[in-house]
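These notes concern the structure reproduced below.
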Amino acid sequence: MSKGQLERNIGFLEAMTLGGGTMIGAGIFILPGIAAEGAGPASSVSFLIAGFVALLAALSLSELATGMPIAGGSYHYVNRALGGFFGSIVGWGMWTGLMFASAFYMIGFGQYLVEPIPFLDGRALVVLLGLIGLSLIVGVNYYGTEESSQLQNVMIGAETVVVLAYVVLGLFFIDPNNLEPFAPTGPSGIIATTGVVFVSFLGFEIIATVAGEVKDPSRNIPLTMILSVVLVTILYALVMIVTTGVLPYQAIGDSLVPVSDVAVVFAGAVGVVAIVAAAAIAAISSSNSSVLAAARVNFAMGRDDLMSEWLNVTHDRFGTPHRAIIATGAVTALLIAAGLQVETIVALLAEVASFSFLVSYSLVHVALVVFRRADPEDYDPSFKIPDVLYPAVPVLGVVLTIVVISQMAPIIILLGLGIVGLGVGWYFVYVRDHAIDRGLIDEVITSTTDAYRVLVPVANPDTQQNLIRLAAATAHAHTDEGTPELVAVNVLQVADPDPQQNVAAERLDHQRDLLDGAHDIAAEMDVQLRTVAMTGERVDETILEAIVDEEPDQVLLGWGGTLTRQGHVFGPNLDAVVEDAPCEVTLVMLYNDTIGNPVALAGPGPHSPAAARRAAEFASVDGAVPTLLNVQQPMGDDDTTASERGNAVIDDVVERAGLNPEDYERAVVVDDDIEAAILATADQFDTICVGLSERSAASRVMFGTIAERISQEATSNVGIVRGWNES
């Protein structure tokens, strides 16, 4: 079994049939009666409004999907943008909504088959046929997405031919008198009907949900999503015009088979048989799309730790998320079986699916705004809503989804809120202690406030606690410059990462444990911390990417203290960061748990002031005062002159470091052997801070420096500091 990898085998036609197939599916054969009862001939306007709301969501989803073409759809985008709380709400809403809809379709499938044959009628047979149909769908999905898509192509092709024939032939039998009055229930009836029929427009979301398996996602995802919504909206409006134009809307309002009732007028028994067959096929295709998409939702939730990781596995041979498919099929089967006694409830829950998706779409619009404002480096959508339509599309999308929800029946709103409550409860019971991602919303909020930011790459659970403590101390020392903030970064080294694949699935337990541990330490120290999980082929380049993205004031790096001589100084993961990071950098070797009394070497080097500041910041961990140390060689027998020179150097460092007199103590040592004296004196302190040499990396290794001797010989903690804009 493979972990988290899905194959891209859904082309343009398959994506169109997945999206359009679900929308042309069972709804087009059942909903016309309900819609006509609610809005009369103006029910065609209800479908146009629902289609417009869906089109707004399709635009936002297209941008997000081409920026993150992986499995999960709306759930993934909301979880990434707004964090696990809203991710749980949308994930559970989508998963349950799709399963409820699938169960409803399959019960409808059984009803279509038994209704023309009276002696077969019976609830048990309806449910049995539904379960058989579901077993077929689950089996095909388990075997392969490509096979599922091909089955979908055949089914959609057949039912589309029947629906188009219904529209074309029906147009010639429209009686204009049946279209009067056009809107018997007025604007309120039209809007209320929009909420009822919106369940028909879930198909385009399914394209985003399987984005991780779509070929050429940059082209096919936005094209198929937008095209399927537009074409199906037009088709639904025409179907309603024909349906309410051929027969009075009062005559079809109570019918369970309104399209069949109309077809008999102009196509006779042959038309009825064709409609019944197409309706049965539509039920299968709609249920197939729903199972396919629902399995990708809990697969993605397993990937993001919002559900058990057991679900985030693909089959070795078939490449399908087989465990997620089985789990989805099992729950759907229970829902179908429940329909044996409670048909009305199952039908009701199918409508609740539209409530769940409206909630999801409103959060998707918000997620789009968050992504645009946060602009994460790994988010580069190939399709973007034109500037002239942004932010009008997400704002109007949120407003209209709220309007549609407000017009739904109270029982639907109540049940929908129950599913939202399920997501909220799941977050507090399970997600809060598992998920790493806190969402980009934190970034957006914090970016609007001044912050003094320290970035801390973490890789070793044995040393990260003291690293976080030191980073917190340095951040707190700059409170007057902004709100202290730590950013803990862990890089998962991945050979040849492919941004088009599900790289997020490569997160390992080790990475999650590290970042969770960082949160625990930060909570103990009452400091604001964000965690960033990254993957990259090279650790140094990925850390530099994080630095460019986060724009920290300084970086604190752990170092084992080993100098390498094979083209590197501090090691292949650190050299580039030390040389190129556009901020202060501190390499820390932690030999002891106690920071204690720090000492900083105050010399003429350009990075001595930064080392002095760092010593003062480290001293605050244990409430100590740092010592600034300078060593001078004697001038003949005159130690007084040498001492004066040492104090002058310290004064210069203090001035450039911006330290106040109460921030430090000073020590001047006069000795013939400067390096030996520095080592002997520095060893009396718990932590030593020294500025980085300005020599080239090669010369530092070849000839040695005081910093390097200290790093190799000292028994205290050591910090090697490189300032910024001081060289």
Side-chain angles (χ1 to χ4, degrees), residues 10-32 101-102 104-117 129-130 132-141 143-171 200-204 206-207 210 224 227-229 231-236 238-240 242-243 256-264 266-293:
I10 298 177
F12 172 83
L13 182 61
E14 289 80 10
M16 276 294 294
T17 54
L18 276 175
T22 304
M23 291 189 278
I24 299 176
I28 208 165
F29 297 99
I30 300 174
L31 288 174
S102 181
F104 172 71
Y105 296 145
M106 292 318 301
I107 289 177
F109 167 75
Q111 287 176 330
Y112 289 132
L113 292 184
V114 303
E115 188 159 334
I117 309 172
L129 290 171
I132 293 173
L134 177 69
S135 300
L136 172 66
I137 290 170
V138 170
V140 172
N141 276 273
Y143 182 69
T145 303
E146 190 171 4
E147 287 73 14
S148 173
S149 299
Q150 290 171 351
L151 174 65
Q152 191 79 354
N153 291 347
V154 175
M155 292 188 294
I156 297 305
E159 70 187 59
T160 300
V161 168
V162 174
V163 172
L164 288 177
Y166 173 85
V167 170
V168 172
L169 293 174
L171 286 173
S200 306
F201 291 88
L202 305 185
F204 69 93
I206 293 174
I207 298 173
V210 298
T224 54
L227 200 57
S228 62
V229 170
L231 292 179
V232 171
T233 300
I234 295 172
L235 186 61
Y236 262 113
L238 290 174
V239 166
M240 289 310 305
V242 168
T243 303
L256 294 175
V257 286
V259 177
S260 178
D261 292 345
V262 173
V264 76
F266 55 82
V270 174
V272 172
V273 171
I275 290 295
V276 170
I281 293 173
I284 287 281
S285 66
S286 295
S287 185
N288 181 56
S289 298
S290 299
V291 168
L292 183 74

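Throughout, numbering of the chain's residues begins at 1 and tracks the sequence.
Atom CG of residue Asn288 and atom CD1 of residue Ile281 lie 13.0 Å apart, to the nearest 0.5 angstrom.
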_Working for side-chain contact (heavy atoms from CB on, under 4.5 Å), residues Leu169 and Val242_ = CA-CA 9 Å; Leu169 293 174; Val242 168; over 6 Å; no

_Checking Ile137 against Tyr105 for the side-chain contact (heavy atoms from CB on, under 4.5 Å) test, could you report, in this order, the C-alpha distance in whole Å, the side-chain angles of both residues, the deciding distance, and whether it holds?_
CA-CA 12 Å; Ile137 290 170; Tyr105 296 145; over 6 Å; no

*Output, in order, the C-alpha distance, side-chain angles, deciding distance and verdict of side-chain contact (heavy atoms from CB on, under 4.5 Å) for Leu235 and Leu231.*
CA-CA 6 Å; Leu235 186 61; Leu231 292 179; over 6 Å; no

*Criterion side-chain contact (heavy atoms from CB on, under 4.5 Å) on Val291 and Leu134, from CA distance to verdict*: CA-CA 9 Å; Val291 168; Leu134 177 69; 4.1 Å; yes

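Qualifying side chain to side chain donor-acceptor pair (under 3.5 Å) partners for Ser102, counting only residues two or more places apart in sequence or in other chains: Ser287. Contacts of Phe266 classified as ring-ring contact (aromatic ring centres under 6.0 Å, His included), with partners at least two apart in sequence or in another chain: Tyr166, Phe173.
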